[in-house]
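What follows is a single structure, written as structure tokens, with notes after it.
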Amino acid sequence: MNLLRDTGPSGPELVSGFVERLRAYRGPSVAIMEVCGTHTVAAARMGLRGLLPEGVRLLSGPGCPVCVTPVDLFDQALHLVREAGVILATYGDAVRVPGTRGSLDRARSQGADVRVVYSALDALALAERNPDREVVLLGLGFETTAPTVAAALLRARQEGVRNFSVLSAHKAILPAMEALLQDPEVRIGAFLCPGHASMVLGAKAYEPLAERYGVPCCVAGFEPEDVLAGVLCLLGQVQRGEARVENAYPRAVSAEGNRAAQEALERVFQRAPARWRGLGEIDGSGYDLRPAFAPWDARRRFLQGVRFEGREPAGCRCAEVLRGRIEPAECPLFARACTPQQPVGACMVSSEGACGAHYRYRGRADG
């Protein structure tokens with residue numbers, strides 16, 4: 001079933017129709033986890049939680065790249081700019097995330113060379129413009145961003161750019177979703193699957209989760225009608241007692257995904273154990289550079305033998321928010337000691353973080 005294709009009206013009329021159908025749901029209670037930071041923001045902005053029928057809950061999951069990155073990775077980045085003297089290129093959200101001893105933003109104010117870039121190719125171009133400096137890209141994100149980093153590394157190798165390297169903290173989303181299903185403290189009844197990562201992975205990638213764990217999955221886009229269509233698909237499955245994969249975002253996501261992006265990932269990265277904030281170490285959930293790319297691997301070049309504290313901020317409960325165990329407002333620091341202006345934890349820093357989204361839109365019907 002494709003609700004967006006099969007429904008006649010469009011725009012506000014379409015959304016109103018979806019909301020009416022949502023409120024008419026009389027099926028079993030269920031907790032739906034949205035595994036995408038952009039879904040988190042979209043749901044908060046539209047006040048989706050306030051529209052849900054009784055017994056249906058929406059949980060924020062580990063879909064924010066900056067949020068799931070453990071503190072010691074930011075400690076490594078700080079070491080690179082403070083001790084190794086590199087130019088650190090990073091996406092904007094990472095600049096304000098606290099490490100054990102400050103943030104990249106603070107380091108920059110103290111003279112460290114931290115540059116905000118919008119793509120991996122921007123970072124490579126930065127290296128080409130500064131041949132006498134080492135440029136390290138802080139590589140964060142899921143299958144959405146990792147292929148672009150792979151493309152930049154393939155180009156760096158082809159063109160012989162040796163003053164460019166990547167500190168990879170890229171993660172695979174599927175092992176994290178499976179780890180949550182195996183966690184006895186987390187009860188997830190359905191997954192609203194990430195639209196961005198699914199463009200690369202393809203909708204079929206979620207079939208093993210649906211089959212093995214009996215959990216309904218639906219890929220959804222990010223407009224209000226996309227999110228509502230995804231939730232309605234999931235509630236339809238729950239009501240019928242089904243557990244399969246549906247794609248409510250077919251205009252962007254195919255069954256097989258983006259083969260070129262998948263091949264780039266395979267050529268440059270190898271899967272390895274990785275640690276996640278809140279979820280601990282998960283086998284096969286990290287994208288490490290293959291040995292052939294060792295000359296562009298910042299961890300191997302600059303950080304071997306160096307130990308990092310990785311100390312979480314006192315009182316911060318981001319880890320529990322990321323597992324769907326508590327709502328952001330249940331953290332005692334939320335909107336008191338921790339705000340977007342003075343964030344304590346990563347979930348309040350990032351534009352895709354659950355705490356930041358709940359804070360910005362807390363006056364809406366989702367409270």
Side-chain angles (χ1 to χ4, degrees), residues 1-19 21-22 25 30 32-46 48-49 51-52 56 58-65 141-148 171-174 176-177 188-211 215-238 240 242-262 265 351-352 354 357:
M1 178 176 62
N2 186 328
L3 286 169
L4 293 177
R5 186 189 63 209
D6 297 340
T7 305
S10 61
E13 190 178 354
L14 177 63
V15 171
S16 298
F18 282 171
V19 171
R21 293 171 67 173
L22 187 66
Y25 175 76
V30 61
I32 298 172
M33 175 170 278
E34 25 86 359
V35 194
C36 179
T38 311
H39 278 157
T40 299
V41 174
R45 187 173 62 237
M46 65 189 289
L48 178 57
R49 286 175 175 77
L51 303 175
L52 296 175
V56 178
L58 193 64
L59 304 174
S60 296
C64 163
F142 303 105
E143 285 84 358
T144 313
T145 55
T148 64
K171 290 180 168 54
I173 193 63
L174 284 165
M177 294 169 72
I188 298 168
F191 278 124
L192 191 67
C193 299
H196 291 333
S198 300
M199 293 180 195
V200 173
L201 293 170
K204 289 179 67 175
Y206 305 98
E207 288 182 352
L209 292 181
E211 293 170 1
V215 59
C217 297
C218 184
V219 178
F222 307 104
E223 297 299 324
E225 57 267 34
D226 293 321
V227 178
L228 288 168
V231 172
L232 283 169
C233 283
L234 293 171
L235 293 181
Q237 288 194 51
V238 172
R240 295 189 297 272
E242 298 175 352
R244 56 194 179 90
V245 178
E246 290 185 274
N247 183 6
Y249 198 28
R251 67 182 186 276
V253 175
S254 66
E256 305 294 338
N258 185 323
R259 291 294 177 85
Q262 293 168 10
L265 280 176
S351 60
E352 295 186 348

By side chain to side chain contact (heavy atoms under 4.5 Å, CB included), which residues pair with Pro147, not counting sequence neighbours?
Val200, Ala261, Leu265
Give the minimum heavy-atom separation between Ala42 and Val227, together with the two atoms involved.
CB-CG2, 4.2 Å
Please answer whether the main-chain N or O of Ala220 pairs with a side-chain N or O of His39 as donor and acceptor at a distance below 3.5 Å.
yes
For Cys193 and Met177 the tightest heavy-atom approach is SG-CE, 4.2 Å
Going through the checks in order, is the ring-ring contact (aromatic ring centres under 6.0 Å, His included) test met by His196 and Phe142?
CA-CA 9 Å; His196 291 333; Phe142 303 105; over 10 Å; no
Within-4.5 Å side-chain heavy-atom neighbours: Arg49 and Leu58
yes
Nearest heavy-atom contact between Asp226 and Gly221 is CB-C, 3.3 Å
Distance in Å, Leu51 CG paired with Phe18 CZ, rounded so as to fall on 0.5 Å steps:
13.5 Å
Which heavy atom of Thr144 sits nearest a heavy atom of Ala197, and at what distance?
OG1-N, 3.3 Å
Residues forming a side chain to side chain donor-acceptor pair (under 3.5 Å) with Glu352, sequence neighbours excluded:
Thr38
Apply side chain to side chain contact (heavy atoms under 4.5 Å, CB included) to Thr40 and Glu34, showing your working.
CA-CA 7 Å; Thr40 299; Glu34 25 86 359; 2.8 Å; yes
Please examine the side chains of Pro216 and Arg244, heavy atoms only from C-beta on, and report whether any two atoms are closer than 4.5 Å.
no
Looking only at heavy atoms, which two atoms of Val56 and Ile32 are closest? And how far apart?
CG1-CD1, 4.2 Å
Is there a side chain to side chain contact (heavy atoms under 4.5 Å, CB included) between Met46 and Val19? Walk through the geometry before answering.
CA-CA 11 Å; Met46 65 189 289; Val19 171; over 6 Å; no
Between Asn247 and Ala255 (side chain of the first, backbone of the second, donor and acceptor by atom type, cut-off under 3.5 Å), is there such a pair?
no
Going by atom type alone, with no hydrogens or angles, which donor-acceptor pairs under 3.5 Å involve a side-chain atom of residues 202-211 and a protein atom two or more places apart or on another chain?
| from | atom 1 | to | atom 2 | distance (Å) |
| --- | --- | --- | --- | --- |
| Lys204 | NZ | Glu256 | OE2 | 3.3 |
| Tyr206 | OH | Ser198 | OG | 2.7 |

Do Leu228 and Leu14 touch side chain to side chain, with heavy atoms closer than 4.5 Å?
no
Taking all non-hydrogen atoms of both residues, which atom of Tyr25 and which atom of Val238 are closest, and how far apart?
OH-CG1, 3.4 Å
Is there a side-chain contact between Glu143 and Pro194, using heavy atoms and a 4.5 Å cut-off?
no
Let me see the working for Leu201 and Ile173 under side chain to side chain contact (heavy atoms under 4.5 Å, CB included), right down to the final yes or no.
CA-CA 10 Å; Leu201 293 170; Ile173 193 63; 3.8 Å; yes
For Pro250, is there any backbone N or O sitting under 3.5 Å from a side-chain donor or acceptor partner on Ser254?
no
Does a side-chain heavy-atom distance below 4.5 Å link Met33 with Pro62?
yes
